[in-house]
J.: 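One structure coming up, written as C-alpha cells, with questions to follow.
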Amino acid sequence: MTTLIPITPEIVAEHGLSPDEYARIQELLKRDPNLVELGIFSAMWSEHCSYKSSRPHLKTLPTEGPRVIQGPGENAGVVDIGDGLAAVFKIESHNHPSFIEPYQGAATGVGGIMRDIFTMGARPIASLNSLRFGAPEHEKTCYLLNGVVKGIADYGNCMGVPTVGGDIYFDACYNGNILVNAFCLGLAKADRIFLGSASGVGNALLYVGSKTGRDGIHGASMASAEFDDATEEKRPTVQVGDPFTEKLLLEACLEIMKKDWVVGVQDMGAAGLSSSSFEMAERAGMGMELDLDAVPRREEGMNAYELMLSESQERMLFVVAKGHEPEALDIFRKWDLDVAVIGRVTDDGIFRAKESGVEVVNLPIETVVTGALKCDRPTQKPAYLAEVGTLDLASREVPADCGGALKQLLASPTIASKQFVYEQYDHMVRLNTLVLPGSDAAVLRVPETNKALALSVDCNPRYGYLDPYRGAQIAVAEACRNVVCAGAEPIGVTNCLNFGNPENPEIMWQFQEAVRGLGDLCRFLDIPVVSGNVSLYNETKGEAIYPTPTIAVVGLMEDRSLHCTQGFKQAGQVIGLLGSTLEELGGSEYQKLFWNECRGQPPQLDSQVEFDVHRLCLDLIRQRLILSAHDCSEGGLAVALVESCITGPKALGAAIELNGDPRADALLFGESQSRIVISFAEEALHGIESRAKKAGVPFAVLGLTGGQEFQVKINRKEFINENILTLEDIWKNSLSRYGNRVA
Amino acid sequence: MLAKIHVTLKNGVLDSQGKAVHHALNDLGYSEVQDVHLGKYMEIALKGISEKEAQTRVKEMCEKLLANTVIESYRFTLEPAE
Amino acid sequence: MLAKIHVTLKNGVLDSQGKAVHHALNDLGYSEVQDVHLGKYMEIALKGISEKEAQTRVKEMCEKLLANTVIESYRFTLEPAE
Amino acid sequence: MKCGIVVFPGSNCDHDCYHILKHILQLDTHWIWHKDEALNSFDFIVLPGGFSYGDYLRPGAIARFSPIMKSVIAYANQGGRVLGICNGFQILVESGLLPGVLMDNAGQRFICKDLTLRVENNDTPFTALCEPGTVLKIPINHGQGRYFTDDDTLKRLQDNGQIVFRYCDTEGNTSDEANPNGSLDHIAGVVNATKNVMGMMPHPERCADPLWPNVDGQMIFKSLIESSLAHS
Ligand SMILES: Nc1ncnc2c1ncn2[C@@H]1O[C@H](COP(=O)(O)OP(=O)(O)O)[C@@H](O)[C@H]1O
Ligand SMILES: [Mg+2]
C-alpha cells in the first residue's frame with residue numbers, strides 16, 4: 001500500500017522538494033509523512049500552487065478600488081459594473097502542457113479558466129487568448145500554432161462561449177517554450193458571488209463532473225520544473241479535455257447556484273482534489289473528512305495517491321448544507337454528471353482521508369496551505385542588459401524602398417491579420433459581440449442593460465527583454481489604450497506573468513521589475529489588478545523566454561451605442577494622430593525584421609501623457625467627433641494607417657503627409673507609445689483641435705481617406721505609394737498562407 | 001502495397017467519445033455493452049518501395065503525423081495491394 | 001466478447017480528410033504514398049450474450065448508430081474477450 | 001403564435017434562438033427539454049445549433065435518439081414545421097427527416113464568418129417572404145457543414161425545388177470560391193419533399209436583432225410566422 005513505502009531522499013527529490021523543505025515537513029508534522037502525504041505537500045508546495053517565489057512581489061500590486069468586489073486570491077476577480085451586475089474575469093497559463101501536446105494542452109487551458117469563472121457563479125460570456133510561438137521558420141512553430149488554435153477552438157466552440165480576441169507573437173525566444181494564456185470573462189449578479197470556502201460543520205462535500213482517471217498525475221509539479229530533453233522524451237501524461245462534459249457542468253452549476261444551500265465551490269485544477277479541498281477548508285478555517293472510496297473513478301485499482309493528485313479535467317468540489325444532498329444529487333443527475341458525496345466539513349482544522357476504512361492522510365490544513373518555505377529569491381540585474389542597451393542608428397540605413405519594407409512588415413506573422421485564427425473560433429454565439437475580433441478591442445453588450453464591456457490582451461515581449469519595468473508598463477498602457485479606442489473606460493486588470501527560472505537571480509530581477517512596472521502604471525491610471533496567474537520555469541536548456549507579463553484589461557462603456565472601431569468608414573474623411581512620434585526603433589518589429597536584432601531602449605512611456613491621451617480619445621468618442629480610433633503598435637504608424645484603411649466596411653486608400661525631424665523609418669515604423677490614429681468628418685476638425693489643446697495632447701492632421709493608393713509623403717517627399725488592395729491581400733492572407741502550408 | 005493502420009487512445013486516457021457512444025448504446029437498450037473505445041483506421045496505398053522500407057517509413061509517418069504519440073498508440077500491417 | 005468494428009466511407013464519397021492527410025504526407029516527403037483513406041475503428045466489449053445474438057445485435061448497432069449508411073459501410077468481427 | 005426550441009445536452013445556440021423569437025419577434029416561445037417525450041401543440045419548432053453530445057461519433061448522431069426525437073419525427077410527419085439550424089440540420093439528416101449528410105468542411109477547419117446565400121425557392125414556409133434569387137447575408141459557424149448526397153437524391157432535390165439556399169458571392173453568383181465548405185452543388189439549406197422541414201447550416205438567429213445593422217435572418221423567421229398564420 002502506498003502509505004507503507006518508506007520515504008527516501010530519492011523519493012523526496014522525485015517530488016521536487018528540497019531537503020530543506022522536507023525537513024520543514026518533518027518539523028511541522030513532528031513525524032515522517034507517508035507517500036500520499038508527501039505527494040500532497042509536493043503538489044501544494046510546488047511553485048504553481050504556492051506562489052512561493054512570486055507572492056512577496058505580487059503583494060505590492062494595487063488590488064483595491066470602489067468597484068472591486070473580489071480581488072486576487074479566489075478563482076477569479078470580480079468587479080462591479082452597476083445595475084446589480086459584476087464582471088468576473090481571470091487569465092491563466094497552460095504553457096508547458098501546450099508545448100508537449102498543443103491541442104489538448106490549449107483545450108484544457110480553456111476548460112480550466114472557464115471553470116474558474118463559473119465556479120464564482122458567473123456565466124462565461126467571452127474568452128480571449130494570448131499566444132507566443134517560436135520563430136515562424138522554426139520547425140515546430142507551424143504545427144504548434146495549428147494545434148493550439150484548434151484546441152482552443154474545439155473547446156471554446158463546444159462550450160458556446162465566444163472567443164472574441166487575443167494576441168499572437170512569434171519570436172525565437174519561444175522556440176522551446178510556447179505560451180498559451182487563456183482569459184475568460186463572465187457575468188454574475190453582484191450579490192450572488194460564490195467563493196471557495198468550506199464552512200459549516202457537517203456540511204457535505206460533493207464531487208461533481210467527470211470520473212477521476214490517472215491524468216497528469218504530478219502535472220502541477222511538472223508545470224514548475226524546467227524543461228530538458230528528457231522531459232519531452234518521457235512524454236508525461238497530459239490531461240485530455242471533454243468540453244461536452246464541461247458544458248453540462250456549466251449549466252448544472254449555474255442551475256444549482258440559484259439555491260441558497262450551496263455553501264462554497266471550487267474547481268479541481270492543478271493538484272486536483274488536494275488543492276481544492278485543502279484550500280476550501282483553509283479559507284473557512286475548518287477541517288475535512290474524505291472517504292476516497294466514494295470518489296468516482298475511471299479505472300479500477302486507483303490508489304489514494306492517484307485519487308488525491310490526479311488532474312483529470314471537468315471536476316468540481318461543492319460544499320452544500322447538510323440535509324440538501326438529495327436535491328443537489330438530483331440536479332447534477334439531471335445533467336448526466338457523475339456526482340457523489342465524498343466527505344464532510346469538520347471543525348478541527350485537520351484533513352483526514354480514508355481508503356478502504358484506513359486513514360491514509362492526516363494533515364493539519366493550514367500547515368499544508370500556508371506553510372511552504374517563503375523564498376525571498378535573490379535578484380540581480382542581468383548582464384545582457386549592458387550589451388543590448390545601446391543602439392547606434394547612424395550605422396543603420398533607412399531602406400531605399402519604404403513601400404517594400406511596409407509590405408514585408410505587413411506579411412510578418414506577428415503583424416499580419418489574425419483572421420486565419422479567429423475565423424476558427426465561434427466569436428458570435430450568445431449574441432453579445434458588438435465588435436467582432438479584428439479591431440483594437442472586442443466589445444460585448446451586457447444583456448438587459450445599455451452597457452457594454454470592451455476587452456483586450458497585450459504584451460510585447462521584446463520591450464520586456466530590453467527593460468522589464470517599461471515592458472510591463474507598456475503592456476498595461478497598450479491594453480488600456482485598445483479598450484479606450486473602443487470607447488470604454490478601463491475598470492480592471494488581470495495578468496499572467498510568464499518568466500524563466502526564478503532560481504536564477506537575473507530572471508528574478510526581471511520578474512521583480514515587471515511587477516513593479518505593472519503596479520506603478522496601474523496605480524497611476526487607478527485601475528485595480530483583481531486576478532492573475534504566474535508561470536515560471538519557462539526555459540529550456542538554460543534558454544529563458546523574454547519576460548512576458550501578459551495583461552488583459554476589461555473596460556466599461558455606459559452607453560453601448562458609443563462604441564468605436566478602428567477602420568476608416570468612407571472616402572473623403574480626415575485622418576489625424578493623437579500623440580507624438582519620437583525617433584524610437586529599439587525593440588521594434590521593424591528592427592527585428594530588417595536588422596535581425598533586438599537592442600536599444602524600448603519606446604518611452606510617460607504615464608501622464610498616456611493618461612491624457614486616453615481621456616481625450618474617450619471624450620472625442622463620446623462627443624461623436626471621431627469615426628474611428630486605432631492604437632499604433634507593432635509596425636508603427638504606417639502599419640496602423642494601413643490597418644485602418646483595410647478594416648473598414650471596404651478597403652480605402654489614403655494620402656498621408658508626415659512632417660518632422662525623426663528619420664523616415666522611425667516616423668513610419670517606429671513604435672512610439674501613446675499614439676492613436678483617428679478619422680473624422682472635416683466639420684469636426686475644430687472641435688477636435690480645441691479639445692486636444694485643452695487636454696494638452698499633441699494632435700496633427702495627417703491626410704485624407706480615399707482612392708486606391710496608400711501614399712505617404714514625408715516632408716513633402718514621397719516614400720510610399722502602393723495599391724491598397726495589394727497591401728490588403730498581403731496583410732489579410734499571410735498568416736493563413738503560413739498556417740496552411742504543410743510541414 | 002497497402003498499409004492498414006489502427007490508431008487508438010493509450011490506456012488510461014479519457015475516451016470522451018467512447019463514453020458518449022457507450023451511454024447512447026445503453027440508452028438504446030443494448031445493455032450488453034460494457035465498454036466502448038473509439039479510434040481511427042487508415043489505409044494508405046504505397047508504391048515503389050519494398051516491404052522492408054515500408055515498415056520503416058510507415059512507422060515514421062505514424063510517429064510524425066498519423067498518431068499523436070503522447071496520448072495515442074498505433075499498430076499497422078502491410079499487405080500486397082489488391 | 002469483443003466486437004471490433006471498422007467504419008469506412010463508401011466508394012465515391014469524397015474523403016476530404018484522407019485527401020488532406022495524403023497531401024500532408026506527400027509534403028513531408030513521403031512520395032510513395034498513392035492514396036489515403038480514413039475511417040473509424042471501434043471496440044465494443046459485450047457481456048452476457050451468445051456469439052449468435054451478438055452477430056445480430058452488433059449489426060443493428062452499426063445500422064442504427066455507429067455508421068451513417070448513407071455514406072459509410074461497416075464490417076466487424078467478434079472475438080472472445082481477453 | 002406558439003413555438004418551441006428543443007434543448008439537447010450541448011446545444012448552445014438555444015438561448016440565441018429564444019432571444020430572437022421571444023424578445024425580438026414577440027412569440028410565445030417555449031423550451032423543450034430533450035428528455036421530454038411529449039410535444040405540445042406548437043406552430044413550429046426549432047432545433048438549434050451547438051454541439052449536442054459534443055458532436056461525438058458524428059454531429060447529430062446521438063441526439064437523434066434523444067427521447068424527444070420520436071415526437072419531433074411524428075410532429076414532422078404530420079406536417080408540423082421544423083427548422084434545424086446548423087447542429088439542428090445535422091440532427092435532421094441523421095434522423096432521416098432530411099436527405100443527405102453533413103461532412104467535414106473541405107478545408108478541415110472550423111469556420112465562423114459572415115457570408116452570402118441565394119434564396120433558390122421561396123415556395124416554402126421558411127422563405128415565403130423572400131424573392132427568388134434574393135441574396136441574404138447570414139453567418140456560418142461550423143466544422144462539419146459539407147452537404148453531400150448521392151446523385152439520384154441530388155437530382156430529386158433539384159427537380160423538386162428542395163434546395164432552398166446556395167452559397168454565393170455578394171452578387172448572387174455561385175462558385176467554388178464562394179462555397180465555404182465544399183458542399184455539393186453549393187447547398188446551404190434543404191427542405192423535405194413536403195416542405196415542412198428545413199435544415200440550414202448558416203445561423204439566421206445571429207443576424208435578426210436590430211441592435212446590429214444586418215437583420216437578414218429575420219426573413220426566415222418572419223416567413224415562418226407569416227405562413228403559420230396563413231396555415232392556422
Ligand atoms: N489569438 C487570437 N485569438 C483571437 N483573436 C486574435 C488573436 N490574436 C489577435 N486577435 C485579434 O486580432 C486583432 C489584432 O490584434 P493585435 O495585432 O494584437 O492588435 P493590437 O496590436 O491593436 O493589440 C484584435 O482584434 C485581436 O483580438
Ligand atoms: Mg498587440
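A, B, ... follow the sequence lines: proteins, then strands. Residue 1 opens every chain. The structure displayed is predicted, hence computed values, not measured ones.
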J.: What part of C/Leu46 gets within 4.5 angstrom of chain B, counting heavy atoms only: side chain, backbone, both, or neither?
T.: both

J.: When heavy-atom pairs shorter than 4.5 Å are enumerated against chain B, which of C/Leu66, C/Val58, C/Leu65 gives the highest number?
T.: C/Leu65

J.: So which residue, C/Glu32, C/Glu43, C/Lys47, ends up with the most heavy-atom pairs under 4.5 Å with chain B?
T.: C/Glu32

J.: Where on C/Ile5 is there a heavy atom nearer than 4.5 Å to chain B: the side chain, the backbone, both, or neither?
T.: neither

J.: Would you call B/Val21 and C/Ile44 a side-chain contact if the rule is heavy atoms closer than 4.5 Å?
T.: no

J.: Nearest 0.5 Å please: distance from the CE atom of B/Met42 over to the CG atom of C/Asp15.
T.: 11.0 Å

J.: Might you point out which heavy atoms bring B/Val33 and C/Met61 nearest each other, and give the distance in Å?
T.: CG2-CE, 3.8 Å

J.: How close do C/Tyr30 and B/Glu60 get, counting heavy atoms only, and between which atoms?
T.: OH-OE1, 2.5 Å

J.: Give the member of B/His37, B/Met1, B/Glu53, B/Lys64 that has the highest number of heavy-atom pairs under 4.5 Å with chain C.
T.: B/His37

J.: Would you mind checking which part of B/Ile49 comes under 4.5 Å of any heavy atom in chain C, side chain (CB onward), backbone (N, CA, C, O), both or neither?
T.: side chain

J.: Atom CZ of B/Arg57 and atom OG of C/Ser31: how far apart are they, to the nearest 0.5 Å?
T.: 6.5 Å

J.: Between C/His6 and chain B, with a heavy-atom cut-off of 4.5 Å, which part of the residue counts as in contact: side chain, backbone, both or neither?
T.: side chain

